Enquirer: 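For reference, the structure I am asking about is given below.
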Amino acid sequence: MQALHDLVMSLFPQLPPIWAHLLTAVLLLVLVVLALYRITAPPRSARPEKLSTTEPRWVRWVLTSIALAFMGLFLILPLVSVFGEALRKGLEAYAAALAEPDAISAIKLTLLTALISVPLNLVFGIAAAWCIAKYEFKGKAFLTTLIDLPFSISPVVAGLMYVLVFGANGWLGDWLAAHNMQIVFAVPGIVLATIFVTFPFIARELIPLMQAQGSDEEQAAIVLGASGWQTFWKVTLPNIKWGLVYGVILCNARAMGEFGAVSVVSGHIRGQTNTMPLHVEVLYADYQAAAAFAVASLLALLALVTLVIKSIAEWRAEQLAKAAAEAPPERPGQISLHAKGSVPSDTKAA
């Protein structure tokens, strides 16, 4: 990035530093988008022919321009502004803002929260998707509705629920105080709130996928003598691995960027219970705009990395699905040939 910034300054020596940083961020974003397109774009021979449409050319251009302008105004411009404000005082101030003890503590707590909540949601998501997609039972629709509950409840309300249950004046507050346990305004409360707001992502990604695949392959494996664990590891998991990766990526992105629920249960204790989004709020409220944007740019970078990984996972899944669809079916002659090759030599001689 420093080389790109030096190139911008050499091309535009009279450019103010803030605009030089903004232009550097724009060029870096363009390079990332081009690299991502290069990785995920299909070869020219595999691209479908252009479909003819009934709309005039000017209608298509107008609709495309509106879409690009909307994305540029509400997505790309704010993102570029974050990086520009973060680098406004130079790279030394940027590095110093990220090296502060409170910032390092916020980064560690954010990563720790994601490291705990994502694996737990992974186990729950697989179990819930397996249960809903493979079995028929009473209350199945109600269970699916409960999984979607965090999507309809405000994160702030979710945080308040945990305060009412585990707070000092909550239902379990006296029992927790008697056993010297603290949930709210501590790391456990942050983890619980994050788990609540993120647990639908993996399950909702896997449920339609497993329902579309059906259970024929699992039933065939069981008929052939496979155990339940063998069926899961050898049949079910390979079929859902890319959907699982996609759900984990979304769950991790939400876990690292959650603000509302975590803000209620954290207590905003600097160096102890502030995650990265909360640390950004604290810095901005203290009029430390450059430091706040520096931490925010780190969150944005994590989001961009997540987007790249998600796009690569989707591209890889499409390539595998296409290869499986184009692969010729195994002919009976090939099966019998393999069977003949497995016959012992003494049997052939006999």
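All values below come from the heavy atoms of this structure, side chains included, with hydrogens, waters and symmetry mates left out. Nothing here was measured: the structure is a model prediction, and the numbers come from that model.
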Enquirer: Test side-chain contact (heavy atoms from CB on, under 4.5 Å) on I240 and Q213; report intermediate values, then the result.
Expert: CA-CA 9 Å; I240 65 171; Q213 291 175 351; 3.7 Å; yes
Enquirer: If every non-hydrogen atom of T273 is compared with every non-hydrogen atom of G267, which pair is closest and at what distance?
Expert: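 Smallest heavy-atom distance, with atoms named: OG1-C, 4.2 Å.
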Enquirer: Which residues pass the salt bridge (Lys or Arg N to Asp or Glu O under 4.0 Å) test with E136, sequence neighbours left out?
Expert: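 Expected list: K140.
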Enquirer: Using residues 105-120 as the side-chain source, report each donor-acceptor pair under 3.5 Å to any protein atom, sequence neighbours left out, with the distance given to one decimal.
Expert:
| unit_1 | atom_1 | unit_2 | atom_2 | d |
| --- | --- | --- | --- | --- |
| S105 | OG | G271 | O | 2.8 |
| T110 | OG1 | A106 | O | 2.8 |
| T110 | OG1 | M276 | N | 2.9 |
| T113 | OG1 | L109 | O | 2.8 |
| S117 | OG | T113 | O | 2.8 |

Enquirer: For residues 159-180, tabulate all N or O donor-acceptor pairs below 3.5 Å that involve a side-chain atom, not counting sequence neighbours.
Expert:
| unit_1 | atom_1 | unit_2 | atom_2 | d |
| --- | --- | --- | --- | --- |
| Y162 | OH | L192 | O | 3.4 |
| H179 | ND1 | W175 | O | 2.9 |

Enquirer: With sequence neighbours left out, which residue pairs that include part of residues 199-212 fulfil the side chain to side chain donor-acceptor pair (under 3.5 Å) condition?
Expert: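 Listed once each, the pairs are D148-R204.
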Enquirer: Linking I/L/V/M/F/W/Y whenever their side-chain heavy atoms sit closer than 4.5 Å, directly or via other members, would L206 and F137 fall into one cluster?
Expert: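 Yes, L206 and F137 fall within the same hydrophobic cluster.
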Enquirer: Which residue pairs pass the salt bridge (charged side-chain N to carboxylate O under 4.0 Å, His left out) test with at least one member in residues 227-251, sequence neighbours excluded?
Expert: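 The answer is none; no pair qualifies.
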Enquirer: Is it possible for you to say whether V280 and V262 belong to one hydrophobic cluster, with membership spreading through side-chain heavy-atom contacts below 4.5 Å?
Expert: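 No, V280 and V262 fall in different hydrophobic clusters.
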Enquirer: Going through the distances and angles, do L98 and V295 end up as a side-chain contact (heavy atoms from CB on, under 4.5 Å)?
Expert: CA-CA 6 Å; L98 296 180; V295 180; 4.2 Å; yes
Enquirer: Can you list everything that forms a ring pair (Phe, Tyr, Trp, His ring centres under 6.0 Å) with F74? Sequence neighbours excluded, please.
Expert: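 F74 satisfies ring pair (Phe, Tyr, Trp, His ring centres under 6.0 Å) with F70 only.
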Enquirer: Can you sort out the partners of Y284 under ring pair (Phe, Tyr, Trp, His ring centres under 6.0 Å), two or more places apart, ordered by chain and number?
Expert: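 By the ring pair (Phe, Tyr, Trp, His ring centres under 6.0 Å) rule, Y284 matches no residue at all.
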Enquirer: Could you tell me how the ring of F199 sits relative to the ring of F196: parallel (under 30°), tilted (30 to 60°) or perpendicular (over 60°)?
Expert: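 It falls in the perpendicular class, over 60°.
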Enquirer: Taking W130 as the starting point, is it possible to reach W233 by hopping between hydrophobic residues whose side chains are less than 4.5 Å apart?
Expert: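 Cluster IDs for W233 and W130 match.
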Enquirer: For residues 185-194, which residue pairs qualify under side chain to side chain donor-acceptor pair (under 3.5 Å), counting only residues two or more places apart or in two chains?
Expert: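 Sorted pair list comes back empty.
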Enquirer: When Ile, Leu, Val, Met, Phe, Trp and Tyr are grouped by side-chain heavy atoms lying under 4.5 Å apart, directly or through other members, which residues fall in the same group as F142?
Expert: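 In the cluster with F142 are L146.
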Enquirer: Is there a side-chain contact (heavy atoms from CB on, under 4.5 Å) between L237 and L244? Walk through the geometry before answering.
Expert: CA-CA 9 Å; L237 189 60; L244 187 62; 4.0 Å; yes
Enquirer: Is it true that a side-chain atom of Q182 and a backbone atom of V184 form a donor plus acceptor pair closer than 3.5 Å?
Expert: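 Yes, the answer is positive, given that a donor and an acceptor are paired below the 3.5 Å cut-off.
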Enquirer: Quick test of your reading: applying side chain to side chain donor-acceptor pair (under 3.5 Å), list the pairs with at least one residue in residues 285-296, sequence neighbours left out, ordered by first then second residue.
Expert: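 Qualifying pairs: R270-D286.
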Enquirer: Ignoring hydrogens and angles, write down the donor-acceptor pairs under 3.5 Å from the side chains of residues 246-260, residues two or more places apart or on other chains.
Expert:
| unit_1 | atom_1 | unit_2 | atom_2 | d |
| --- | --- | --- | --- | --- |
| R254 | NE | E258 | OE1 | 2.8 |
| R254 | NH2 | E258 | OE1 | 2.9 |
| E258 | OE2 | G260 | N | 3.2 |
| E258 | OE2 | A261 | N | 3.0 |

Enquirer: So which atom in L79 and which in A300 form the shortest heavy-atom distance, rounded to 0.1 Å?
Expert: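 Looking at all heavy atoms of both residues, the shortest contact is CD1-CB, 3.7 Å.
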Enquirer: With sequence neighbours left out, which residue pairs that include part of residues 213-223 fulfil the salt bridge (charged side-chain N to carboxylate O under 4.0 Å, His left out) condition?
Expert: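 Every salt bridge (charged side-chain N to carboxylate O under 4.0 Å, His left out) pair that includes a residue of residues 213-223, provided the two are not neighbours, is K134-E218.
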Enquirer: If you look at every heavy atom in I207 and A129, which pair is closest and at what distance?
Expert: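 Scanning both residues, the minimum pair turns out to be CG1-CA, 3.7 Å.
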Enquirer: Looking at V265 and G189, what are the two nearest heavy atoms and their distance?
Expert: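 Here V265 and G189 meet closest at CG2-O, 3.5 Å.
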Enquirer: If two hydrophobic side chains count as joined below 4.5 Å and joins carry through other members, does L122 share a cluster with F232?
Expert: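 As far as the 4.5 Å side-chain criterion goes, F232 and L122 are connected within one cluster.
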Enquirer: With a 4.5 Å cut-off on side-chain heavy atoms, are L301 and F83 touching?
Expert: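 Side-chain contact under 4.5 Å: yes.
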Enquirer: Of all the heavy-atom pairs spanning D102 and H279, show the shortest one and how long it is.
Expert: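 Closest heavy-atom pair between D102 and H279: CB-CE1, 3.6 Å.
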Enquirer: If hydrophobic clusters are built by linking Ile, Leu, Val, Met, Phe, Trp and Tyr wherever their side-chain heavy atoms come under 4.5 Å apart, do I104 and V282 end up in the same one?
Expert: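 No, because I104 and V282 fall into different hydrophobic clusters, even though each may have its own neighbours under 4.5 Å.
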